[in-house]
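Residues take their numbers from the sequence shown, with the count starting at 1. Every number for a ligand or one of its atoms is a count from 1 in the order of the listing. Keep in mind the model is a prediction, meaning the values are calculated, not measured.
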Amino acid sequence: MTIYFNGSFMPLEQAKVPVLDRGFIFGDGVYEVIPVYSRHAFRMREHLTRLQHSMDGIQLPNPHSMDAWVAILTELIARNAPEDQYLYLHITRGVAPRDHAFPKPPVAPTVFAMSNPLVHPPAALLHSGVACITATDNRWLRCDIKSIALLPNVLLRQSAVAAGCAEAILIRDDAFLTEGAASNIFVVKDGVLLAPPKDNLMLPGITYDVLLELAAANGIPHQVRRILKAELFAADELLLTSSTREVLAVTTLDGKTVGDGKPGAMFARLHELYQTFKREVMRK
Ligand code: PLP
C-alpha cells in the first residue's frame, strides 16, 4: 500500500510519526474519508470543503490548496491497486514540546493520506437491514468538526458492537436525535423523509447531502428539522448513511422492530437512486 506522508509517497511501513506529534498527544487534528468508485473520487471537492471547515474550526491553516489536494489524492488513487478505494486524510498540528496551547511559532502540520480497499455493504445486509441501539450523545458541542479525537465515538460504536448491533444512534439531552456514532440518521414517517438540521451537534455528512438532493430532485417529500426522541421510536423506517456504508435500513432499534421489521419503500427508492446517481457521476 502506498501512502502520502508530509510531501512524499511511500510504502505504509516507511511512515513514522514522532511521539510528540500533537495528534498522538492531544488528538489535535482533523480527518476526512472519501470513497472512490472505479478510480473516481466521489464528491472530492465537497469532502475537501468540509476538511477546510474542520481546519478552520480548530484554527489550523490548510497546508494545501484545493487543487493541490486534488492532485495529491489523484496520484494516491493511481498508486494503489483497488478499483474501489476509500481515502483517509489526516492532518495534525505537528510535532512540538507538550503544551496545550498552540506551538509558537507554529510548526509544520503532519499530513497523512492513505488508500484502503472499499468494502461494499454485503447484499444480505441490504435485504435484512441492520440492528442499532440508542445511546446518550455525550460528545462535545462541535460535532460539526471532523476531529481525530474520536474517543466518545469509539466508545459509543463499541457499545453497539458489544450489543451485536451495527451502530449507536445518538440522542442529545434525552430529547432529540443527532446522528450515529459514525453515520447520519434519517427518520421516515407517513411517507416523509425527516433529517436532523446541520448544526454544531452533528457532522454534516456528504452522503446526507446527496440523499436530500436526491429526495428534492425526485419529488420525495422531505423536511429538515429537529427530530424528537419519541419520533425516532415511532418511525415507519430509519435510514443510516455514511460514505462507506452508503444507505442502509435500520430494521431493529433497541431490540424492537422498526416499522414492519423489513427495509421499507423509502429505503428501496433512495438506495436505488443513490446507486444510479453514483453510476452517472462515475461516467462523467
Ligand atoms: N457522522 C459521523 C459522526 C461520522 O463519523 C460520519 C462519517 O464517518 C458521518 C456522520 C457520515 O458522513 P459522510 O456521509 O460524509 O461519510
### Message
Using a 4.0 Å cut-off to any heavy atom of A181, which atoms of ligand 1 qualify?
### Response
3 (C)
### Task
Just jot down the ligand 1 atoms closer than 4.0 angstrom to any heavy atom of E179, in number order.
1 (N), 2 (C), 3 (C), 10 (C)
### Query
Does even one non-hydrogen atom of N184 get within less than 4.0 Å of ligand 1?
yes
### Task
Measure the distances from the heavy atoms of C143 to every atom of ligand 1 and state whether one is below 4.0 angstrom.
no
### Query
Considering only protein heavy atoms, which is closest to atom 13 (P) of ligand 1, and at what distance to one decimal place?
S243 OG, 3.5 Å
### Sub-4.0 Å atoms of ligand 1 with respect to non-hydrogen atoms of I206
13 (P), 14 (O), 15 (O)
### Query
Is a salt bridge present between R50 and E46, judged by a nitrogen-to-oxygen distance below 4.0 Å?
no
#### Entry: Protein contact of atom 7 (C) of ligand 1 - nearest heavy atom, named by residue and atom, plus distance
K146 NZ, 3.5 Å
### Message
Testing the 3.5 Å rule here: is there a donor-acceptor pair between the side chains of Q52 and N62?
### Response
yes
### Side chain proximity check, F186 to L211, heavy atoms < 4.5 angstrom
yes
### Query
Has M202 got any heavy atom lying under 4.0 angstrom from an atom of ligand 1?
no
### Where ligand 1 meets R50 - atom numbers and elements under 4.0 angstrom, heavy-atom basis
12 (O), 13 (P), 15 (O)
### Query
Among T207, D144, L156, I185, whose heavy atom sits nearest atom 14 (O) of ligand 1?
T207
### Task
Evaluate the ring planes of F26 and H100, with Trp represented by its six-membered ring, and classify them as parallel (under 30°), tilted (30 to 60°) or perpendicular (over 60°).
tilted
### Task
From the options I145, D144, L150, select the one residue that forms a side-chain contact (heavy atoms from CB on, under 4.5 Å) with S147.
I145
### Query
atom 5 (O) of ligand 1: which protein heavy atom is closest, and how many Å away?
A182 CA, 3.4 Å
### Query
Taking 4.0 angstrom as the limit, do D67 and R45 come out as a salt bridge?
yes
### Message
Quick test: of every protein heavy atom, which one is nearest to atom 12 (O) of ligand 1, and how far off is it to 0.1 Å?
### Response
G205 CA, 3.5 Å
### Query
Hey, is E237 close enough to K189 for a salt bridge, meaning N to O under 4.0 Å?
no
### Message
Between the side chains of D99 and K104, is the shortest nitrogen-to-carboxylate-oxygen separation below 4.0 Å, so that they form an ion pair?
### Response
no
